A.B. asks: 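Sharing a structure below in structure tokens format, with a few things to ask.
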Amino acid sequence: MTFVSRRTLLKSAAVLSAYGAGLAVMPRLSQALAATDPVEIEALTGDVLLDGKQATRGVMRYALSGQTSTDPSPPILRARRGEAFKARLINRLDEPTTIHWHGIRLPNDQDGVPFVTQPHVYTGDRFDYAFSPPDAGTFWYHPHCNTLTQMGRGLAGVLVVEDERDPVFDGEVVLNLRDFRLGGDSQFIEQFKPREAAKTGTFGTLRTANWRPEPHYDVPAGGLVRVRILAADVTRIYNLKLAGAEAQIIAIDGHPLLERIPLDMAVVSPGQRLDLAVRVADSEGVEMVLEDIRPSTPKVVARFRAVGASLKRNLGDLGSLAENAGVEADLSNATEIPLLLSATAETAARDSICGTLGYSFWAINKVPYPGDTPDPTAPIAELKLGRTYLLNVENVTPHAHPIHLHGMNFKAISSNKREVQPLVSDTYLVLPDEKVQLALVADNPGDWVFHCHIIEHQKTGMTGYFRVT
Ligand code: C2O
Ligand code: CU
């Protein structure tokens, strides 16, 4: 058997995502992750050509140590379900950082939230993360520190957790969607405007997928391609549609759907992931366009082009993804926790645990985190290990909030606005005036952050945490 080192594997994975040319063929992974060396991830600052005009200064990026790839976008990391994953963060930024592994159920001290689960990783320092992901699927990693700047300037990448029982596709494309906020001179402009932070959040000016505007990928004609999409933007909610090919949604937020649904239009909000199985057109040269139809004029997200002779595959032949653990909530014994998402009186915020934007606009249960309450660092609620809880989330604002929980999954039970599917997830887009019940089992001890993933909302009050003991 041929041995593929993790480093080689990670390199090839990163290159796959970066270059449109060539077939996007998924590497074979079965023997790949036996190595026990940590993957070394450097957080760096540098100049990167983003808009095709001139280099943007002060871009923050992740790179694998020793990586020679010319692709500046964050590497795709790969782990295997149930096997040790080790990553060493090396901080070469001129400010502290951490890595949070979004959607992964891991031990609390690996969760990457400064002052809650670990100390800052200062300039020049390193921090070793290790965990065995219990769920397979599309997850991601990003800092949890000066987050609006660090994520806004580029730090956010995809973490794929493999399961060898998953069906074999003819190709894979990973799309890391995000905007950059640049001025006409290609340089960063103010990351946010307070009046926008108090509404939907401030949008970027340059849309990208894998840090490129409207990239294109070659995919095998007549083949079945897995497209893993991550909404890594700090603000933007996407309404995704794929023209020119048959596609099914196979997983949402990393978790397989029990029954796949044809992709008509899918809403993907900051923090969320969408996995598609795409049946590529038979004729070489046919183009498929992934679009965001949320704005009044649809925007191209990425293009796929069929190449080669048709593989003549059939979506119906695709086996199911290996299942993840569900949320085995005992609803007859559930404790309800009210969670009111509201605006708050505008105040100058105190410096919070990891920088402040200088304002409070939002609150959970009337507390703008870490606001002027008697104990601003108290948890929203204390949960007993093993018990079932029903989070009664009520959004009384006119804006949607993708609310995210660390360390545990929940399942939507009911909503006053729509029929909810009992999907397992870590992020739920709460619509204006929506009341939704999210069930969870408090099965992971520790302090777990709960916040809106529109980062300006998170950083201006819509944050808190649960303590599980
Ligand atoms: Cu992507 Cu606190 O999370
Ligand atoms: Cu929000």
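Residue numbers count from 1 along this sequence. Side-chain atoms are counted along with the backbone in the values below, which use heavy atoms only and exclude waters and symmetry mates. These figures come from a predicted structure and were not determined experimentally. Read the numbers this way: they start at 1 and go in the same order the structure lists the ligands and their atoms.
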A.B. asks: Is the NZ or CZ atom of R153 both under 6.0 Å from the centre of the six-membered ring of F188 and within 45° of that ring's axis?
C.D. replies: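 Yes, a cation-pi geometry holds between R153 and F188.
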
A.B. asks: Nearest N/O/S atom of H102 with respect to atom 1 (Cu) of ligand 1, by atom name, please.
C.D. replies: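 Per the distance ranking, H102 contributes ND1 as its closest N/O/S atom to atom 1 (Cu) of ligand 1.
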
A.B. asks: Flag this pair as yes if the NZ/CZ of R467 is under 6.0 angstrom from the six-membered ring centre of Y465 and inside a 45 degree cone about the axis; otherwise no.
C.D. replies: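 Judged by the rule (NZ or CZ under 6.0 Å from the ring centre, within 45° of its axis), R467 is not positioned above Y465.
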
A.B. asks: Any chance you could measure I90, atom CD1, to L64, atom CG, to the nearest 0.5 Å?
C.D. replies: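 Atom-to-atom, I90:CD1 and L64:CG are 10.0 Å apart.
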
A.B. asks: Nearest to the Cu ion (ligand 2), which N, O or S atom of H457 do we find?
C.D. replies: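 Looking at H457, the N, O or S atom with the least distance to the Cu ion (ligand 2) is ND1.
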
A.B. asks: Does a sphere of radius 6.0 Å around CG in L258 hold more than 12 heavy atoms from other residues, nucleotides or ligands, not counting ones at 6.0 Å or beyond?
C.D. replies: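 No, because the 6.0 Å sphere around CG of L258 holds 12 heavy atoms or fewer from other groups.
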
A.B. asks: Any N/O/S of H404 under 2.8 Å from atom 2 (Cu) of ligand 1?
C.D. replies: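 Given the 2.8 Å cut-off, H404 does not count as a ligand of atom 2 (Cu) of ligand 1.
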
A.B. asks: Classify the side-chain pair S132/E83 by whether it contains a donor and acceptor separated by less than 3.5 Å.
C.D. replies: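 No - no donor-acceptor pair under 3.5 Å links their side chains.
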
A.B. asks: Between atom 1 (Cu) of ligand 1 and H142, which N, O or S atom of the residue is the nearest one?
C.D. replies: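 Atom name of the closest N, O or S in H142: NE2.
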
A.B. asks: If you measure from CH2 on W101 to NE2 on H406, what distance do you get to the nearest 0.5 Å?
C.D. replies: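 If we round to the nearest 0.5 Å, W101:CH2 and H406:NE2 are 13.5 Å apart.
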
A.B. asks: Name of the H401 N, O or S atom nearest the Cu ion (ligand 2)?
C.D. replies: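 Nearest to the Cu ion (ligand 2) within H401's N, O and S set: ND1.
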
A.B. asks: Measure from atom 1 (Cu) of ligand 1 to each N, O or S atom of H453 and report whether any distance is below 2.8 Å.
C.D. replies: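 It does; at least one qualifying atom falls short of 2.8 Å.
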
A.B. asks: Assess H451: does it contribute an N, O or S atom lying under 2.8 Å from atom 2 (Cu) of ligand 1?
C.D. replies: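 Looking at H451, which is the residue asked about, there is an N, O or S atom under 2.8 Å from atom 2 (Cu) of ligand 1.
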
A.B. asks: Does any N, O or S atom of H144, backbone or side chain, fall under 2.8 Å from atom 2 (Cu) of ligand 1?
C.D. replies: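 Looking at H144, which is the residue asked about, there is an N, O or S atom under 2.8 Å from atom 2 (Cu) of ligand 1.
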
